[in-house]
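As the structure is a prediction and not an experimental result, all values here were calculated from the model.
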Amino acid sequence: MSTLAHTMMTAARSTDSGLAGPGELDRYPYAESPGAARVGASLWDGSDPELGRVGRRAAGSRGRGLHGQLVQQLGQMIVSGDLGADRPLVPEEIGQRFEVSRTVVRESLRVLEAKGLVSARPNVGTRVRPVSDWNLLDPDIIEWRAFGPQRDDQRRELSELRWTIEPLAARLAAGHGRDDIQQRLGDMVEIMGHAMSQGDALTFSRADAEFHSLLIQVAGNRMLEHLSGIVSAALQVSGGPVTGCDRPTESSLAHHGRIVDALATGDGTAAEAAMRQLLTVHPEVERVVPAPREH
């Protein structure tokens with residue numbers, strides 16, 4: 001059980017650090033145009049002063065140190081709309097406001113550019129990009145939207161996306177059965193059941209995330225597998241999508257067990273149906289995504 005618990009605790013989360021390699025930072029374009037509007041101090045005054053003082057916070061936000069904390073803060077401000085589209089971002093002013101070095105600012109802006117949140121061009125500088133350019137499938141952006149003003153839209157969109165991805169993955173997984181994956185899926189259901197009996201919602205959610213990630217990975221479709229990090233992010237953000245997976249219940253646990261049983265017998269239709277039932281445990285989801293029509 002200890003090996004399984006360790007596996008469960010390290011569910012995959014696909015993120016690209018976007019960090020520059022040695023010697024690359026100085027080549028990153030941050031030249032400001034002479035007439036460009038600059039970010040004034042008033043822009044930063046509305047943010048939490050404690051969050052702003054990155055240099056004095058405990059290092060290691062998600063294990064990434066100061067630059068990771070700055071990515072988190074700037075990312076949240078962009079996604080929330082505090083830093084609107086086409087807003088110029090001046091590295092010197094960011095460094096002064098958040099009390100970090102220019103190198104940290106550059107690294108952070110590189111990560112945000114990789115996520116589609118900002119763009120940097122010679123003689124123009126760095127500016128916030130419109131929502132249409134964001135990588136909305138990036139797990140960090142999913143999390144930031146889930147905590148921001150767009151939380152309701154994020155919940156709805158994640159529910160719709162999961163409805164599209166996971167029933168298909170369950171059906172395909174029944175045709176690509178592997179004994180080791182089958183065993184791990186069963187173990188996750190066992191862990192979820194034990195956690196629910198102990199009132200341990202955290203362990204339940206981690207085992208749940210591992211279950212859904214494994215199911216997508218065993219579907220035998222590499223494009224679907226690429227989306228497993230999105231499902232994991234959807235399950236792990238606080239206040240996530242309103243489905244049977246966002247809280248421990250007897251009903252959701254039973255549906256997970258039915259999926260495992262269907263996979264064991266190679267019944268793709270039953271696995272798909274059980275997944276659809278799992279994703280519509282709560283009535284609110286049925287108002288978002290209609291149930292499949294009977295044929």
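- Of all heavy-atom pairs spanning Ala271 and Ala262, the tightest one is N-CB, 3.4 Å.
- You'll find the side chain of Ile94 stays beyond 4.5 Å of the side chain of Pro91, heavy atoms only.
- How far CZ of Arg184 is from CG of Asp179: 13.5 Å, rounded to the nearest 0.5 Å.
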* Show your working on side chain to side chain contact (heavy atoms under 4.5 Å, CB included) between Leu89 and Val105 and close with a plain yes or no. => CA-CA 10 Å; Leu89 299 178; Val105 174; over 6 Å; no

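- Smallest separation of non-hydrogen atoms from Trp134 and Arg129: NE1-O, 3.0 Å.
- A donor-acceptor distance shorter than 3.5 angstrom exists from the side chain of Gln182 to the backbone of Val260, with no hydrogens or angles considered.
- In this structure, Glu160 and Thr164 have side chains that are not in contact, with every pair of non-hydrogen atoms separated by 4.5 Å or more.
- For Val128 against Gly84, the heavy-atom pair with the smallest separation is CB-O, 3.3 Å.
- Exactly one residue among Ser159, Ser252, Pro167 makes a side-chain contact (heavy atoms from CB on, under 4.5 Å) with Leu279. That residue is Pro167.
- Rounding to the nearest 0.5 Å places CD1 of Ile165 at 12.0 Å from NE2 of His212.
- The shortest heavy-atom contact between Gln154 and Ile141 is OE1-O, 4.0 Å.
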* Asked: Can you list the steps and then say if Glu143 with Gln72 is a side chain to side chain contact (heavy atoms under 4.5 Å, CB included)?
  -> CA-CA 10 Å; Glu143 178 179 324; Gln72 181 85 356; 3.8 Å; yes

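- Tested against Asp153 for a salt bridge (Lys or Arg N to Asp or Glu O under 4.0 Å), the candidates Arg155, Arg156, Arg151 yield a single pass: Arg156.
- Between Leu168 and Arg171 there is a side-chain heavy-atom pair separated by less than 4.5 Å.
- Put simply, CG on Leu161 and CG on Leu136 are 11.0 Å apart, with the number rounded to the nearest 0.5 Å.
- Checked by atom type and distance alone, the side chain of Ser213 never pairs as donor or acceptor with a backbone atom of Ala209 at under 3.5 Å.
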* **Trace of the side chain to side chain contact (heavy atoms under 4.5 Å, CB included) decision for Met275 with Leu215** => CA-CA 11 Å; Met275 180 60 77; Leu215 188 65; 3.2 Å; yes

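- For the atom pair CD1 (Ile181) and CG (Asp187), the distance works out to 11.0 Å, reported to the nearest 0.5 Å.
- Between the side chain of Ser108 and the main chain of His67, a donor-acceptor pair closer than 3.5 Å is present.
- The distance from the CG atom of Leu185 to the CD atom of Glu190 is 13.0 Å, given to the nearest 0.5 Å.
- Val111 is listed as a side-chain neighbour of Lys115, based on a closest heavy-atom distance under 4.5 Å.
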* Check against side chain to side chain contact (heavy atoms under 4.5 Å, CB included), Leu253 and Val189 -> CA-CA 7 Å; Leu253 183 64; Val189 174; 4.0 Å; yes

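- Asp267 CG to Glu272 CD: the interatomic distance, rounded to the nearest 0.5 Å, is 10.5 Å.
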